[in-house]
Colleague: 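This is the structure I want to talk about, given as structure tokens.
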Amino acid sequence: MSEKIPYKIYLSENEMPKAWYNLRAHMKNKPAPLLNPSTYQPMTAGELSGVFCDELVRQELDNDTPYFDIPTEIRDFYKMYRPSPLVRAYCLEQKLQTPAKIYYKFEGNNTSGSHKLNSAVAQAYYAKRQGLKGVTTETGAGQWGTALSMACSYLGLDCKVYMVKCSYEQKPFRREVMKVYGADVTPSPSESTQVGRKILAQYPGTGGSLGCAISEAVEVATATPGYRYVLGSVLNQVMLHQSIIGLEAKTALDKYGVKPDVIIGCAGGGSNLGGLIAPFMGEKLRGEADYRFIAVEPASCPSLTRGQYRYDFCDTGMVCPLSKMYTLGSGFIPSADHAGGLRFHGMSSVLSQLYADGLMEAVAVKQTDVFQAAEDFARIEGILPAPESSHAILAAVNEAMRCKETGEEKTILFGLTGTGYFDLFAYEKFHRGEMTNYIPTEEEIAAALAKLPVIA
Ligand SMILES: *Cc1c(COP(=O)(O)O)cnc(C)c1O
């Protein structure tokens, strides 16, 4: 059987999923609702519609409908770069001399270089259909901003991006790609918003954070007629759109009768991991099959492994709704030495609930190990991986090496979320031996957690 499996399993356009899968429909314990930041009551559709466009609010709040049709216009856009290949990592297996069978779903085959385009085009499409003029967002390293700029230029929407200032300065390439696609890119914190001015007054010279950029983007969206805010991770709607990753992977594996034992993904806000595992987790929840799921996070930003499952703000400015999630506290900022992405202080509420229910595992890994795994992978499998994706590579390799010890022929599936061409400053730091592994102390984590809001 295994001889017949090609290096790359491609699906035809017709085999691309026609609907996204909403895992929440099959969860017994639903993720907790978003709360209004001033009243601490569940956010209503009416309240959310000031921030997000209407169809996305509907998707965000729907815990019951298992499938959402993918509109033809979005499917047509997807066809430019999807279905994405599922790769059998024969070269890696051979190099590791492992009996494990390794597959990865590669999402880096588009100009933005990551899976984020899957949700960017969906969010831009619904904003356009509602007759809006534009959208605002934040971006850290720039993958989300790049993906959104591509989607907005395709659909004819304005796109205002608040980019974390240190990335704006240190990562000029993604900034310029966003400009190629017509986006308006502002370094955050900026003088253009109330919250930006407040943070600048409090922390002059700060390089910014994702949480702060979110606050600025939300302020501009709610204060500008015809604009809404869009977010590239964490939210239920994003995980819904990213389910296309898992649905395609499952269709491809089913074609060859392959059933993975372990499914691994890197976890920042949880969207790629949530999307990859969705159809498999659905089977597990319905009692149809069993799988192990592993979330991989950086040891320098360990929300699942060292955070608390509590309501918290998604942003530093505390203007966004509260989400119940594994969190390190909205004031937590990873050490300046951290270069591997996945810097968000919290986690998707869906993944948080699954983790709390013992349905998913989590591991935290050190960034020098991650970059070593990235470089090995580039040399063996040919693809230059994004540092974020390399967290999953490392965990998959570790799993395959355990199989080597035990002789188990496990099938491992992991998500290769993107390429690392724009992360070469981080690779440079690694090559020069200047990369360190700062791991937050118990005291630092306790101090950030002590500031969590107390909800009655
Ligand atoms: C943004 C990003 C991630 C992390 O985001 P999730 O929402 O956790 O998926 C991982 N890999 C790449 C390449 C990214 O751009």
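Whatever order the structure lists ligands and atoms in, that order sets their numbers, starting from 1. All of these numbers come straight from a predicted model, not from anything done at the bench.
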Colleague: Under 6.0 Å between ring centres, would you say that holds for His26 and Tyr21?
Modeller: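 That pair passes the under 6.0 Å test.
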
Colleague: Under a 3.5 Å threshold, yes or no: a donor from one side chain and an acceptor from the other, between Asp315 and Ser215?
Modeller: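 Distance-only check passes for Asp315 and Ser215.
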
Colleague: Looking only at protein heavy atoms, which one is nearest to atom 4 (C) of ligand 1, and what is the separation?
Modeller: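 Here the nearest protein heavy atom works out to Leu342 CD2, 3.5 Å.
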
Colleague: Under the criterion salt bridge (Lys or Arg N to Asp or Glu O under 4.0 Å), which of Lys410, Lys101, Arg88 is the partner of Glu93?
Modeller: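 For Glu93, the salt bridge (Lys or Arg N to Asp or Glu O under 4.0 Å) test succeeds with only one of Lys410, Lys101, Arg88, which is Arg88.
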
Colleague: Can a donor-acceptor pair be found between the side chains of Tyr427 and Glu375 at a distance below 3.5 Å?
Modeller: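 There is no such pair (donor and acceptor under 3.5 Å, judged by atom type) between the side chains of Tyr427 and Glu375.
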
Colleague: Mark the output for His115 as yes if a heavy-atom distance to ligand 1 is under 4.0 Å, and as no if none is.
Modeller: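 His115: in contact with ligand 1 (<4.0 Å).
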
Colleague: Give yes or no for whether the N/O distance cutoff of 3.5 Å, strictly under, is met between Gly270 and ligand 1.
Modeller: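 Yes, there is a polar N/O contact under 3.5 Å.
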
Colleague: Is the shortest distance from a Lys or Arg side-chain nitrogen in Arg379 or Asp376 to a carboxylate oxygen in the other one below 4.0 Å?
Modeller: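 No.
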
Colleague: Please identify which atoms of ligand 1 are closer than 4.0 Å to at least one heavy atom of Gln143.
Modeller: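 It comes down to these atoms of ligand 1: 14 (C), 15 (O).
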
Colleague: Could you list which atoms of ligand 1 come closer than 4.0 Å to a heavy atom of Gly268?
Modeller: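 Close to Gly268: 8 (O).
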
Colleague: Taking N or O atoms only and a 3.5 Å limit, does Gly269 qualify as a polar contact for ligand 1?
Modeller: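 Right, the criterion is met.
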
Colleague: Say whether Ser112 and Thr146, considering side chains only, have a donor N or O and an acceptor N or O under 3.5 Å apart.
Modeller: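 No, no side-chain donor-acceptor pair sits under 3.5 Å.
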
Colleague: For Gln59 and Asn22, test the side chains for any donor-to-acceptor distance below 3.5 angstrom and give the result as yes or no.
Modeller: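 No, no side-chain donor-acceptor contact under 3.5 Å.
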
Colleague: Can you sort out which atoms of ligand 1 are near Ser233, meaning under 4.0 Å from one of its heavy atoms?
Modeller: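 Going through ligand 1 atom by atom, the ones under 4.0 Å from Ser233 are 6 (P), 7 (O).
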
Colleague: Does a side-chain N-to-carboxylate-O contact under 4.0 Å join Glu283 and Lys259?
Modeller: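 Between Lys259 and Glu283 there is no salt bridge, as every charged N stays at least 4.0 Å from the carboxylate O atoms.
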
Colleague: Where's the contact between Val234 and ligand 1, heavy-atom distance under 4.0 Å: side chain, backbone, both or neither?
Modeller: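 Val234 to ligand 1: no contact under 4.0 Å from either part.
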
Colleague: Hey, is Glu107 touching ligand 1 through its side chain, its backbone, both or neither, going by heavy atoms under 4.0 Å?
Modeller: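 For Glu107, there is no contact with ligand 1 at all, from either part.
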
Colleague: Of all the atoms in ligand 1, which lie at a distance below 4.0 Å from a heavy atom belonging to Ser114?
Modeller: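 Result: 13 (C), 15 (O).
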
Colleague: To the nearest 0.1 Å, how far is atom 5 (O) of ligand 1 from its closest protein heavy atom, and which atom is that?
Modeller: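 Checked against all protein heavy atoms, atom 5 (O) of ligand 1 sits closest to Lys116 NZ, 4.0 Å.
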
Colleague: Indicate, as side chain, backbone, both or neither, the part of Ser271 found under 4.0 angstrom from ligand 1 when only non-hydrogen atoms are considered.
Modeller: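 Both backbone and side chain.
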
Colleague: So if I count the atoms of ligand 1 from 1 in the order they appear, which ones are less than 4.0 Å from some heavy atom of Glu388?
Modeller: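 Taking each heavy atom of Glu388 in turn, ligand 1 has 10 (C), 11 (N), 12 (C) under 4.0 Å.
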
Colleague: Between Glu388 and Asn272, do the side chains contain a donor N or O and an acceptor N or O under 3.5 Å apart?
Modeller: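 On atom types as modelled, these side chains do not qualify, holding no pair under 3.5 Å.
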
Colleague: Would you kindly say whether Tyr81 and Asn118 are connected by a side-chain donor-acceptor distance under 3.5 Å?
Modeller: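 Distance-only check passes for Tyr81 and Asn118.
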
Colleague: To check your reading of the model: name the closest protein heavy atom to atom 11 (N) of ligand 1, its residue, and the distance in Å.
Modeller: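 Nearest neighbour among protein heavy atoms for atom 11 (N) of ligand 1, to 0.1 Å: Thr417 OG1, 2.7 Å.
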
Colleague: Counting only heavy atoms closer than 4.0 Å, does ligand 1 sit against the backbone of Ala267, its side chain, both, or neither?
Modeller: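 Backbone only; the side chain of Ala267 stays clear of ligand 1.
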
